[in-house]
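Taking it in order: structure first as structure tokens, then the write-up.
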Amino acid sequence: MSKKRYLITSALPYANGPLHLGHLAGAYLPADIYARYCRLKKRDTLYICGSDEHGVPIMIRARSEGVPPQEIVDRYHFMNEKSFRKFGMSFDYYGRTSSPVHHQTSQDFFRTLARKNLFVLKTDKQLYDPEAKMFLADRFVRGTCPVCGYEDAYGDQCEQCGSSLSPADLINPRSAITDAEPVLKESTHWYLPLAKFQPKLEKWISGHPEWRPNVRGQIQSWFSNGLKDRAVTRDLPWGVALPEDVAQAAGVDANGKVLYVWFDAPIGYISATKEWAAKKGEPELWKEYWQNPDTNLIHFIGKDNIVFHCLIFPAMLMGHGDYVLPENVPANEFLNIKGLKFSTSRGIALWVEDFLEKYPADSLRYSLAISMPETRDADFSWEDFQAKHNNELADILGNFVNRTFIFVRNYFGGKLPHLGELDDLDQQLIDRLVQGKEKVGRAIDEFQFKEATRQFMDVARFANKYFNDQEPWSTRKNNPEKCATTLNLCTQTAYSLAILMNPILPFTSAKIWKMLHLPDESDRANWEDIGTLPLEEGHSIEDIEILFQKIPEKVIKAEIENMRKLSEGGPEKAETKPAFLSFDEFRKMQLRTARVLSAEKVKGTDKLMKLRIEVGEEERQIVAGIAQHYSPKEMVGKTIIIVANLQPAKIRGIESNGMLLAVNDGDTLALVQPDRDVPSGKPVS
RNA sequence: GGCGGCGUAGCUCAGUUGGUCAGAGCAUCGGAAUCAUAAUCCGAGUGUCCGGGGUUCGAGUCCCUGCGCCGCUACCA
């Protein structure tokens with residue numbers, strides 16, 4: 001670690017949704033702690049992040065909302081940037097990949113690799129959706145499996161028989177986006193032949209035994225399977241355009257082709273750095289960070305990003321030749337929310353924005369830091385959050401600072417008392433501060449943020465013990481000089497703690513700084529000052545405020561209850577206002593009686609049953625999820641109630657024209673039936 | 001069902017390359033103290049390290065298998 005500069009990045013959050021707690025615990029909080037620590041150590045530090053704004057999901061979302069993609073990414077770019085700020089993220093620059101600088105940078109990068117002949121071109125016939133005007137990824141093609149005849153197989157795999165397929169194998173293929181019949185269309189794409197890079201990558205990785213075992217493990221499994229060629233262009237209307245000159249040289253029409261989002265996203269780190277440098281008025285400065293071998297490049301990511309940051313992007317950087325490679329990639333695992341059926345698509349998560357409306361950022365930072373998913377998935381629970389906030393931040397840390405400052409105010413007129421001769425315990429306290437500086441520092445340098453957080457709180461614990469053992473409330477009467485020394489040291493300790501906590505609890509650090517009436521900001525303090533005793537006798541302490549107000553039981557109970565509702569019923573049920581249906585709306589729904597003519601279980605499913613039913617004159621087929629509770633035999637002849645005008649759907653490839661009504665109560669499922677004999681096809685009202 | 005992850009004290013978790021590794025904090029119980037947000041400090045107990053096999057002189061730590069939990073996905077109440 002003799003290198004000079006630190007270039008720190010956090011994974012670019014994808015701009016098609018808001019941030020949740022899992023994001024923070026994974027790639028953002030650890031990076032921010034690290035960056036803040038580096039700055040306090042007076043290292044040359046640059047911390048970069050931004051929004052990732054290209055790719056298929058954003059396009060699909062835009063299409064479904066009927067707005068241009070730019071509108072989607074604008075929405076989340078600004079929303080997320082704001083959430084980050086409230087959380088105390090200290091990015092030096094937060095960019096976005098829709099910026100012109102980024103497009104330019106990505107194209108230049110691509111051009112360089114092309115000029116060096118590092119790409120392989122492949123032309124394939126691919127399925128194209130004429131309605132959506134786009135080529136379809138394998139997963140977006142559905143059709144009949146040629147092996148088992150299952151009608152709703154994916155383009156890459158049949159869920160029914162497990163056969164591995166290619167989209168061209170499917171009989172009657174259709175687009176999962178528009179349902180249109182795809183046509184085969186020839187398309188040429190640029191591939192990064194990763195296999196060629198494998199020896200170099202392996203050699204590079206083997207030089208980093210200090211990387212986290214889970215990261216190395218995942219990389220090894222990629223190596224042992226052998227790296228494959230990766231397409232780095234796509235046929236899509238949204239993204240960084242394929243450079244025309246490159247396409248022309250290859251005799252390909254660049255129209256409609258873009259760089260694959262995973263090619264351009266990591267380059268976003270570089271373009272954001274460029275924008276930072278330009279804004280600073282030193283447009284060439286970015287090169288110092290990206291191209292000077294004296295740089296430590298550290299990527300903070302979640303575990304889902306390992307392959308891109310440890311293999312693909314490094315291969316790109318190697319291929320380009322002018323760039324430094326990452327020094328470490330401390331990937332975190334996932335954060336689960338206890339009791340919450342997490343689902344971003346249904347909008348079920350603990351969102352950062354909501355959370356910070358109600359609770360202090362530092363409390364969240366602390367509780368995420370102390371149970372960060374460093375080596376395995378971790379759980380976040382409301383009870384735990386409350387316990388950390390109340391028992392540790394408020395009772396241990398907050399109370400130490402408060403009892404010290406109040407004591408100085410009440411008995412020394414708010415002026416720092418004289419530091420006299422030190423006894424053993426005094427010396428022990430000072431030693432602990434110095435040790436804390438070393439232990440917390442070492443842990444952060446080794447990316448062990450839980451350990452760092454624990455070590456920090458241990459220092460605060462010891463400070464309380466010191467206060468107790470010195471008994472200033474009694475020395476005040478029988479040994480005033482000692483009492484003065486004790487309180488002098490306690491105040492100096494608060495000062496040291498403010499620096500020690502700054503990477504983890506920046507807002508609290510600033511509050512203590514202010515109460516200590518210090519110039520400048522705690523962010524600018526020097527890590528090495530921890531354990532020194534810089535405050536002079538007579539130094540005044542002002543405007544004492546409580547650092548952490550306790551969170552009452554009932555508040556947490558309400559959160560848990562709210563979360564339970566959210567998990568059970570989705571967002572609708574969590575609404576407090578009952579939603580009334582107008583009579584007209586009700587009349588739109590056609591409920592009818594129907595008689596079951598025949599029934600059979602849908603093969604390969606647990607719950608589904610296919611029913612032929614008679615609805616008056618008409619005969620139709622529906623699919624119902626009742627097979628675990630009723631046998632096909634007992635269904636035959638029953639009169640049931642159906643929603644007759646529900647939009648027809650294909651379930652596991654089987655047409656369903658209506659929905660059977662049943663009551664679901666946990667393990668019990670009961671059919672809704674008229675309690676007298678009635679003919680089928682009669683309206684229910 | 002498929003893919004991925006996880007299973008160590010009541011709870012949240014540490015346990016680096018297999019050899020004092022059976023730990024920490026919280027919660028609980030007992031005591032001390034009263035400067036402080038009734039906040040602090042001291043002392044104490046608890047564990048078939050999910051079960052079963054295997055490799056080894058020796059396994060939370062490696063391999064296999066079973067069970068359980070979670071996430072994504074798939075199957076419309």
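Lettering of chains follows the sequences in order, A, B, ..., and the numbering in each one begins at 1. Scope of the values below: all heavy atoms of this structure, side chains included, with no hydrogens, waters or symmetry mates.
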By the rule that syn is within 90° of 0, classify the base conformation of rG18(B) as syn or anti.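 For rG18(B), whose glycosidic angle is more than 90° from 0, the conformation is anti.
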Closest approach to the side chain of [X], judged atom by atom: which nucleotide of [options] is it?
X	options	result
Asn464(A)	rG25(B), rU40(B), rA39(B)	rU40(B)
Arg454(A)	rC76(B), rA36(B), rA14(B)	rA14(B)
Lys450(A)	rU40(B), rA14(B), rU37(B)	rA14(B)
Lys465(A)	rC35(B), rG5(B), rC42(B)	rC42(B)
Asp469(A)	rC41(B), rC13(B), rA33(B)	rC41(B)

Check the geometry between Phe407(A) and rC35(B) and answer yes if their rings are stacked (centres below 5.5 Å, planes below 30°), otherwise no.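 It does not: the ring fails the test against the base of rC35(B).
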Are any of the side-chain nitrogens in Glu559(A) or Lys358(A) under 4.0 Å away from the carboxylate oxygens of its partner?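 Salt bridge: yes.
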Charged N to carboxylate O under 4.0 angstrom, Arg454(A) versus Asp458(A)?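 Salt bridge: no.
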Give me the distance, rounded to whole Å, that separates [N] from [M] when you measure between the [atom1] atoms they each carry.
N	M	atom1	value
rU55(B)	rA14(B)	P	31 Å
rG31(B)	rU56(B)	C1'	49 Å
rG18(B)	rG25(B)	C1'	27 Å
rG53(B)	rC70(B)	P	28 Å

Quick one: label [X] by what it contacts on the DNA or RNA (base, sugar-phosphate, nothing), any heavy atom closer than 4.0 Å.
X	value
Arg461(A)	sugar-phosphate
Ile406(A)	sugar-phosphate
Lys388(A)	nothing
Leu487(A)	nothing
Glu392(A)	sugar-phosphate
Tyr411(A)	sugar-phosphate
Phe548(A)	base

Centroid-centroid under 6.0 Å between Trp262(A) and Tyr14(A) rings: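 Ring-ring flag for Trp262(A)/Tyr14(A): false, centres at least 6.0 Å apart.
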Check the side chains of Asn332(A) and Arg212(A) for a donor-acceptor pair under 3.5 angstrom, ignoring hydrogens and angles.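 Indeed, the side chains of Arg212(A) and Asn332(A) share at least one donor-acceptor pair under 3.5 Å.
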Given RNA chain B, 5'-ward residue of the pair Asn410(A) and Ser371(A), judged by closest heavy atom: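 The answer here is Ser371(A).
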Toward the 5' end of RNA chain B, which comes first, Phe462(A) or Ser474(A), by nearest nucleotide?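 Here Ser474(A) is the residue nearer the 5' end.
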Is there a donor-acceptor contact under 3.5 Å from the side chain of Tyr359(A) to the main chain of Phe385(A)?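 Answer holds: no.
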Can any side-chain N or O of Asp362(A) pair as donor or acceptor with the backbone N or O of Thr508(A) at less than 3.5 Å?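 Between the backbone of Thr508(A) and the side chain of Asp362(A) there is a qualifying donor-acceptor contact (under 3.5 Å).
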With a 3.5 angstrom cut-off on both distances, give the Watson-Crick or G-U wobble partner of [N], or none if there isn't one.
N	result
rA44(B)	rU28(B)
rU20(B)	none
rU61(B)	none

If the cut-off is 4.0 Å, is Asn391(A) near the phosphate of rA27(B), judged by side-chain N/O to OP1 or OP2?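 Yes, such a contact exists.
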If you compare every side-chain N and O of Lys303(A) against the phosphate oxygens of rG5(B) (OP1, OP2), does one of them come in below 4.0 Å?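 Answer is no, no contact under 4.0 Å.
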Check whether the side chain of Asn402(A) and the base of rU37(B) form a donor-acceptor pair under 3.5 Å.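 By the distance-only test, no, there is no pair.
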